[in-house]
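Following: one structure in structure tokens, then a few remarks.
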Amino acid sequence: MFAYIIRRLLYAIPILIGVNLITFLLFFMVNTPDDMARAQLGAKQVTPELIQSWKVKRGYDKPLFINIQADGTLATLTQTLFVQESLKLFAFEFGASDAGRDIGSDIKQRMWPSLELALPTFIIALITNISLALLLVLFRGSALDTSMMVIAVMIMSISGLFYIIAGQVVFSKLWHWVPISGFETGWGGIKFIILPVLLGVFAGLGAGVRWYRSIFLEQINQDYVRTARAKGLSELKVLFGHVLRNGMLPILTGVVVVIPTLFMGSLIMESFFGIPGLGSYTIDAINSQDFAIVKAMVFLGAVLYIIGLILTDISYTLFDPRVKLS
Amino acid sequence: MKNRFLSTLLLLVLLALTATINTYANVWNSPHHADKVKQDILFSSFSAPPKHLDPVISYSSNEWSIISQIYEPPLQYNYLKRPYELEPLTLTTMPSVRYLDAENNEVDKASTAVVYSEYRLTLRNDIRYQNHPAFVKNNDGSLLYGDLSADTLDTINHLDDFPQTASRSLHAADYEYAIKRMAVRQNHSPILGSMLPYIVGLEDYSKTITDFAKAHKEKKQAFDLRPHAISGVKVVNEHTLTIKIKGRYPQFLYWLTMNFFAPIPWEADLFYQQAGLIKKNLTLDFFPVGTGPYTLVENNPNKQMRLLANPNYHDAFYPSITTEQAAATAIPVELLADAGKKLPFISEVIYSLEKENIPLWNKFLQGYYDASGISSEAFDQAVQVSSAGTMGLTQEMQDKGIQLRGSVKPTIFYMAFNMVDKVIGGYSESAKKMRQAISIALNEEEYISIFTNERGIAAQGPIPPSIFGYEEGEAGTNNVVYNWQQGKRIRKPLADAKRLLAEAGYPNGISASTGKPLVLHYDTTATGPDDRAIMDWQRKQFNKLGIQLVIRATDYNRFQDKIRKGKTQVFSWGWNADYPDPENFLFLLYGGNAAVTTNGSGINSSNYQNPEFDRLFNEIKTMENTPVRAEKIKQMLAIVRQDAPWVWGFHPKSLSLFHRWFHNVWPNEMANNALKYRRIDGEQRAQQQQQWNQPVIWPLILFVLFIIFMIYPLFRAYRARQTTVISNNQQGNR
């Protein structure tokens, strides 16, 4: 397994270079370093000298991919913005944002609020979705099953934004149960997190329940289930002891890969509930043309996704003894 | 037994939830701590994190709303008086000015031999900085925390982690140091370009010090600006400073109200240059060090910024004005109640990040924010406009005791014609008439009514109200676009516009010479779905004259690029006053500032050039506000109204709402340091919050009952199902 992990990590290097390349290409197709300087320096009193000075300070005066003025063939490639910035990223040196803040510190500071929102949402949603799916499988074909499936489709069909606004209006504005937005660390912060977590769970309920239900229904008619019933096990024991365990493999595929990216946060939830997480960090950076943050966050997202995929593979071996990583 | 267990569990959950929620303000939905609500703390918000808090760089209103409470430039605007009036802030008196000839001999102010103006600033001697670790010194005068070791840095994550802090009194050298920092090009001061032609010696100094800074930054060494002097800036003694200006430049006093000229202690500059602190985001750009009424104790731009009253703040008192002055500016009597009382009134300010309008507005209505602007979504809920056009609060707002105050901002939003364009530009009679026709057809009053909820007044020229040179009534009316009838401005009829267009060679929008329709291109950054209605309206206005308007939507970068290169025909833009002087608006039309002739750096984006206007501008730009200056400005306005390089657009009105417990709110569009005058009645706020936010319990009880009643039939159904399966199997076996 160790050799497999090392090999997967080595595969990640060209993938990350490719991700970086695409990020650089896309960003600089839309923005020039002059545009970025103007965005940072403001609309008033921006002179060409000021722009040049800003570019020099942040290294944006270098060519993007090929530096024909550099001495030597290697230097032609290395004395470029792409290579210089990419190398730092591979060392996880994110540097300073174009506005001057240390990105590493910002990420460390922002990822915990993101996690405070994302982790409970993820766990509660997982438990709720699986429990409800098992309940529907238990009552499959009944009026409850049919009506819940209709409700699930309805939940899926409505925009998440609607739930957020409706939730804020109903639970905070009309009934005065929880604050409409805000954030605080520690136990005092629970009241701020309750509503976004519940809304996050509810918004994902339709899709989640339908998906898990279909996984469990695939298992419910298998021979081993019939055997378990024949042995006199109750339906609950059949579901939780056999169907759920055998349904874990496809569930893991979708679930474990998400776990590392929980740090990355949720854009809309964080924005509407005033949660200072990483969700809006990238979008704010794109809007303010802060390339230093954009490249750092895209790189980090790619790294976390790759880690998620590796963890998924490892988790297969834990839940299915037939799977061997080699 | 099971039901009892379930009920007990639910009760415990509810109790735990209530206990968690009840720790704040005795209402469940309060985002604030109960003990803070009753104190004289202001709860406010910010929608975008400020990028810079270093006064040498910062130039955005959201940044200045913070740092203007912390830093103190030499002058400030009187909070109450209108028109805007300057007064000393850290000085004993207003700066005295000496006029000098080329040999530095003092000459008369009116003399033609004036080559320099020397401003003498005398500081108060009772001003001290906030407590800060940068001021802690060793016995030899060096900074105790000036060279932090790696081990020490490991223990430092915030300024509070430094065991010692100290303060010192304000010196004239600190103002000199601020100007020196401005000259360092690596600091990217946005006003360096504006100051270089004026402050004597600044240009040479800037070149020298920039090279010096570059050499030190490459070696990652801190650099001290004290040994390097600017020839035009002299520290006479600990409390006196002189600044020598080339020629006459009366607007320099306005610059002295801005944070660019706020004092910077050398200790703070050296302290914050340490690489280890920069790595932890502990820099002057994030943690200011000032003498002002407040200190920034928390700067988390992703969540919250917190100001605390500066315990070292010098004596400052709420302004008093005469009843005549109050009557002249329509100041409500309650705003004079605190006259002569010591400032500041508010002990703490908590700014929370609110990116979305809906939560912000609802929190204001719940009483959790003390003041609010009015977004377009909330306008109808908050404000009603009478048939006479006056604005008042809706009954809902009045019932809550909310108050409304507004003022016309020193801002103009205009539609500009590119004067170097072959079709719409130029100075021929036909070109002028074409632009005048469009100016009449473009109904600004309609625009203000539809798209700004009446929050603006139609502009008559580039100068907004409350700025010298602006005139009310008939005298201030743009006769090209309006008629003065029965004491009112009436927009000229469309027939006049059509006649002018026909005289320009385009009857009904068709070229008399080629028979082709007149097509104009409008460059805009308004690309969102909400902007579509505005674009449709713009097309309709031009269509009234038979002119086809082609909308060219573009992103802001490309838009700016087009403007700089003069590749536009028609576009909309705006300007907000740096200082309340007509020169700050008229220079937008000065030929020497034309974008196309200044390689894109000029501020005159319509590229308007009229020799007579330019001549008059050169005269008025350094004049005092005298009747002569007013007359010359009047002539300039007459010229630009005839030439019509802009459709004059409108001056927006700012409206703000505030609760009854928030006192001394008086709109002052120039003063950014108004926080110290405001007052909060915390007890009243706490009472109102209690009254408005009592939790509604019945839905919670209903929900719990629903869950209980759902579980039971499901359990029954499951049991029945299990039994049925067994029973069928038994029957089958038989």
Side-chain angles (χ1 to χ4, degrees), chain A residues 30-32 34-35 38-42 44-50 53-54 57 96 99-102 105-106 109-110 113 135 138-139 142 144 165 168-169 172-183 187-188 190-192 194 234-236 271-274 276-277 280-281 284 288-289, chain B residues 17 20-21 23-24 27-31 33 48-49 51-52 59-60 185-186 188 190-194 210 278-281 283 285-286 300-304 352-356 358-359 362-363 365-366 368 555 557 560-561 578 599-601 693-696 699-700 714 717-718 721-722 725:
Chain A
V30 183
N31 306 287
T32 65
D34 282 33
D35 297 337
R38 279 194 196 93
Q40 292 299 328
L41 295 169
K44 281 186 170 182
Q45 317 274 1
V46 181
T47 59
E49 295 78 31
L50 204 59
S53 166
W54 186 90
K57 190 175 177 181
R101 283 183 74 88
D102 187 76
S105 295
D106 270 354
Q109 196 181 45
R110 280 173 167 256
L135 184 76
L138 182 67
F139 294 102
S142 67
L144 177 76
I165 295 172
Q168 286 183 328
V169 169
S172 181
K173 191 182 174 188
L174 297 179
W175 293 346
H176 306 145
W177 287 4
V178 285
I180 205 159
S181 67
F183 182 77
W187 290 107
I190 291 176
K191 64 172 181 173
F192 293 105
I194 291 172
S234 73
E235 197 66 6
L236 280 178
S271 188
F272 267 82
F273 286 98
S280 52
Y281 195 45
D284 287 347
S288 62
Q289 301 175 26
Chain B
L17 193 68
T20 315
I21 291 166
T23 51
Y24 301 94
V27 285
W28 294 4
N29 65 346
S30 173
H33 288 265
K51 283 181 187 166
H52 301 290
Y59 206 7
S60 296
R185 288 187 185 273
Q186 288 89 338
H188 303 131
I191 69 153
L192 177 61
S194 302
T210 298
I278 294 170
K279 184 77 184 159
K280 294 180 183 233
N281 282 337
T283 69
D285 209 15
F286 304 112
N300 180 353
N302 311 318
K303 182 194 163 204
Q304 183 173 285
S352 303
L353 181 64
E354 288 286 357
K355 287 188 174 178
E356 303 296 333
I358 296 171
N362 284 320
K363 275 187 184 172
L365 292 182
Q366 290 172 333
Y368 297 131
D555 65 82
N557 293 330
Q560 282 183 307
D561 198 46
D578 293 307
N599 200 22
S601 62
N693 294 288
Q694 285 304 303
V696 182
L700 195 64
L714 281 176
Y718 171 71
R721 197 179 177 113
Q722 287 289 86
V725 172

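In what follows, every chain begins at residue 1, and chains take the letters A, B, ... in the order their sequences are listed. Remember, it's a predicted structure, so these values are computed and weren't measured experimentally. Only this structure's heavy atoms are used, side chains among them; waters, hydrogens and symmetry mates stay out.
- Proximity to chain B (any heavy atom under 4.5 Å) is shown, for K173(A), by both the backbone and the side chain.
- Taking a 6.0 Å sphere around CG of N599(B), one finds it holds 12 or fewer heavy atoms contributed by other residues, nucleotides or ligands.
- Residues meeting the salt bridge (charged side-chain N to carboxylate O under 4.0 Å, His left out) test with K355(B), sequence neighbours left out: D284(A).
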So L714(B) and L135(A), side chain to side chain contact (heavy atoms under 4.5 Å, CB included) or not? Walk me through it.
CA-CA 9 Å; L714(B) 281 176; L135(A) 184 76; 4.3 Å; yes
Take D106(A) and N281(B), measure what side chain to side chain contact (heavy atoms under 4.5 Å, CB included) needs, and give me the verdict at the end.
CA-CA 9 Å; D106(A) 270 354; N281(B) 282 337; 3.7 Å; yes
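- In terms of non-hydrogen atom pairs under 4.5 Å with chain B, the most contact-rich of G182(A), S234(A), G274(A) is S234(A).
- When V696(B), N29(B), L700(B) are each tested for a side chain to side chain contact (heavy atoms under 4.5 Å, CB included) with W175(A), only one passes: V696(B).
- A pairwise comparison of heavy atoms in L50(A) and H188(B) identifies CD1-CA, 3.5 Å as the closest pair.
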What's the verdict on side chain to side chain contact (heavy atoms under 4.5 Å, CB included) for S181(A) and E356(B), showing C-alpha distance, side-chain angles and the deciding distance?
CA-CA 10 Å; S181(A) 67; E356(B) 303 296 333; over 6 Å; no
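- Partners of P276(A) by side chain to side chain contact (heavy atoms under 4.5 Å, CB included), not counting sequence neighbours, listed by chain and number: P113(A), F183(A), N302(B), K303(B).
- No donor-acceptor pair closer than 3.5 Å links the side chain of K279(B) to the backbone N or O of S105(A).
- No side-chain donor-acceptor contact under 3.5 Å links K191(A) to the backbone of W28(B).
- P301(B) touches chain A through its side chain: at least one heavy atom from C-beta onward sits under 4.5 Å away, while N, CA, C and O do not.
- Of the two parts of Y281(A), neither the backbone nor the side chain holds a non-hydrogen atom closer than 4.5 Å to a non-hydrogen atom of chain B.
- D35(A) CG to D561(B) CG: the interatomic distance, rounded to the nearest 0.5 Å, is 7.5 Å.
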Could you check Y718(B) against L236(A) for side chain to side chain contact (heavy atoms under 4.5 Å, CB included), going step by step and ending with a plain yes or no?
CA-CA 9 Å; Y718(B) 171 71; L236(A) 280 178; 3.3 Å; yes
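- Checked by atom type and distance alone, the side chain of Q366(B) pairs as donor or acceptor with a backbone atom of S172(A) at under 3.5 Å.
- Counting heavy atoms from C-beta outward, Y368(B) and P179(A) have side chains that stay 4.5 Å or more apart.
- The two residues F139(A) and A717(B) come nearest to each other via the heavy atoms CE2-CB, 3.7 Å.
- The shortest heavy-atom contact between Q694(B) and H176(A) is O-ND1, 2.9 Å.
- At a 4.5 Å heavy-atom cutoff, the contact between Q168(A) and chain B is made by side-chain atoms alone.
- Heavy atoms closer than 4.5 Å to chain B are found in both the backbone and the side chain of R101(A).
- Only the side chain of H52(B) has a heavy atom closer than 4.5 Å to any heavy atom of chain A.
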